[in-house]
Amino acid sequence: METYATALLYAIPFFILLLAFEIGYGYLVKNQKHKVMDTVSSISSGFTNIVKDSLGLGFVLVSYPYLLEHLALMEIKATWLVWVVAFIVIDFAGYWNHRLSHKVNIFWNQHVIHHSSEEFNLACALRQSISNLIGYFPLLLIPAALVGVPYKVIAILGPIHLFGQFWYHTQHIGKMGWLEYVIVTPSQHRVHHAINPEYIDKNLGQILSIWDRLFGTFQKELPNVPPQYGVLKPAATWNPVLINFQHIWRLMQDAWRTRNIADKIRIWFMPTGWRPADVLEKYPITIVEDVYGFKRYQTPATNALKGYAIFQMLFSLLLLLFMFYNYGEIGFLGLLLFGAFIFIGIYGYTSIMDRSGFAVWIEVSRGLAGLFMIGYYGDWFGVNAYLSFGSLVVAFYFLITIAGGIYFTYLAEDVTTRSEILR
């Protein structure tokens, strides 16, 4: 996990730099594809995912080394051909994993966060799951294990394959000629993220586009059908933690409410969107029908609130980078506590972005808890070893958090009545 944290220490600034370039380009050509609240929500979602993955929070059903040990029919050395074969196998497995996530109710929960943004830009690429707590992906790598692809090759290519899916989440690149027949391009992925009936569940490839063409899930971007983004059951929140568990909560409710015993079991494995007939009739859920005319999610947001949201996101990024930089020194229990502060922080400030009344209690509580830790230990997870006044900076941040929670709940200029915020 420490190696993964080190990789993220370099990857995160690179992603942020590309994001800044896309935002700057949008302003330059007067065709901005980012909205402050949505972009902050997307980037914050990425933070939760990398904290969860870097701490190894989850249960791996079966590991690739285990499969390799028990299934390998031969042993092959890490020549250039093995790297090519391994990349193709990973991409093939990624296609089917992606397809399962779109087609099976229970698996959709781990993927819905990625589609939840009603915008399409590089930031939405960072909307990655924290609800995939049971890892089964190695099962899809059985072909690699059978031919004896070394674990080291899979371990190196895995993150590269994931990071390689970032760049095509943009509207600023058109069709790419002959490359459209080989790799997944921005045009193809715009189709994938669209909720237009013509585009739903299409273009499930991750790097290579050949799988979609082979298995009948390819759809080109049509000039007369502009993609509309989001999910058919809108998330209606900026809080990425809530978005991660919305779908499974609805499944749990439906499984509880249906009177049919068989439906209580099969709902989890039915096609995405399927609901028991008795529940569907009694507890209808609003679904987007007019993809061009539905009301996109927004909340009252002054420039002050937008600036505050950006500040919270950037400081969370600084905390995250320090956590990865000092990963080995903090220790596992310390990392869990550090990660909890980041998780709760993201939950808190995105709840303020939602204009949720309970957010103030989260913000004040985490601010006081942070100040208590700094006062008790005289440090913040060893930051003073790198910056003599580092813990004072973090303490000042927690003071701002407390003040911000109170101000944007009770005093901000867009608050017309207290009851409106606290509803």
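Every heavy atom of this structure was used, including side-chain atoms; hydrogens, water molecules and symmetry mates were not.
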A.B. asks: Taking ring pair (Phe, Tyr, Trp, His ring centres under 6.0 Å) as the test, write out the residues that go with H98, two or more places apart.
C.D. replies: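 Ring pair (Phe, Tyr, Trp, His ring centres under 6.0 Å) check on H98 returns H102, H111, H192.
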A.B. asks: Report the residues that fulfil ring pair (Phe, Tyr, Trp, His ring centres under 6.0 Å) with F372, sequence neighbours left out, ordered by chain and then residue number.
C.D. replies: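 Testing F372 for ring pair (Phe, Tyr, Trp, His ring centres under 6.0 Å), a comparison that skips the adjacent residues, returns Y376.
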A.B. asks: Could you list the residues that satisfy salt bridge (charged side-chain N to carboxylate O under 4.0 Å, His left out) with D278, not counting sequence neighbours?
C.D. replies: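 Partners of D278 by the salt bridge (charged side-chain N to carboxylate O under 4.0 Å, His left out) criterion come out as none, since no residue qualifies.
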A.B. asks: Using the test ring pair (Phe, Tyr, Trp, His ring centres under 6.0 Å), find all partners of Y136 that sit at least two apart in sequence or belong to another chain.
C.D. replies: F107
A.B. asks: Please find out if less than 6.0 Å separates the ring center of F163 from that of F15.
C.D. replies: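 Close enough - the centres of the two rings lie under 6.0 Å apart.
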A.B. asks: Checking F389 now: which residues fulfil ring pair (Phe, Tyr, Trp, His ring centres under 6.0 Å) with it, not counting sequence neighbours?
C.D. replies: none
A.B. asks: Checking N109 now: which residues fulfil side-chain hydrogen bond (donor to acceptor under 3.5 Å, both in side chains) with it, not counting sequence neighbours?
C.D. replies: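 For N109 the side-chain hydrogen bond (donor to acceptor under 3.5 Å, both in side chains) partners, ignoring immediate neighbours, are S131.
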A.B. asks: Cation-pi check, R257 to Y283: give yes when NZ or CZ is under 6.0 Å from the six-membered ring centre and within 45° of the ring axis, no otherwise.
C.D. replies: yes
A.B. asks: For A340, check side-chain contact (heavy atoms from CB on, under 4.5 Å) against everything at least two apart and list the hits.
C.D. replies: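 Listed in chain order: nothing, the list is empty.
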A.B. asks: For E180, what residues pass the side-chain hydrogen bond (donor to acceptor under 3.5 Å, both in side chains) criterion, not counting sequence neighbours?
C.D. replies: T185, Q188
A.B. asks: Suppose we screen for salt bridge (charged side-chain N to carboxylate O under 4.0 Å, His left out). Which residues come up paired with D254, at least two apart in sequence or across chains?
C.D. replies: R275
A.B. asks: If the threshold is 4.0 Å, N to carboxylate O, is there a salt bridge linking D212 and K202?
C.D. replies: no
A.B. asks: Among pairs that include at least one residue of residues 331-350, which meet side-chain hydrogen bond (donor to acceptor under 3.5 Å, both in side chains), considering only residues two or more places apart or in two chains?
C.D. replies: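 Applying side-chain hydrogen bond (donor to acceptor under 3.5 Å, both in side chains) to every pair that reaches into residues 331-350, excluding sequence neighbours, yields S44-Y349.
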A.B. asks: Among residues two or more places apart or on two chains, list those pairs meeting salt bridge (Lys or Arg N to Asp or Glu O under 4.0 Å) that have a residue in residues 116-125.
C.D. replies: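 As it turns out, the salt bridge (Lys or Arg N to Asp or Glu O under 4.0 Å) pairs with a partner in residues 116-125, which skip direct neighbours, are K35-E119.
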A.B. asks: For R366, give me all partners under salt bridge (charged side-chain N to carboxylate O under 4.0 Å, His left out), at least two apart in sequence or on another chain.
C.D. replies: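 Scan of R366 (salt bridge (charged side-chain N to carboxylate O under 4.0 Å, His left out), adjacent residues dropped) gives E363.
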A.B. asks: Distance alone, cut at 3.5 Å: any donor-acceptor contact between the side chains of D91 and W211?
C.D. replies: yes
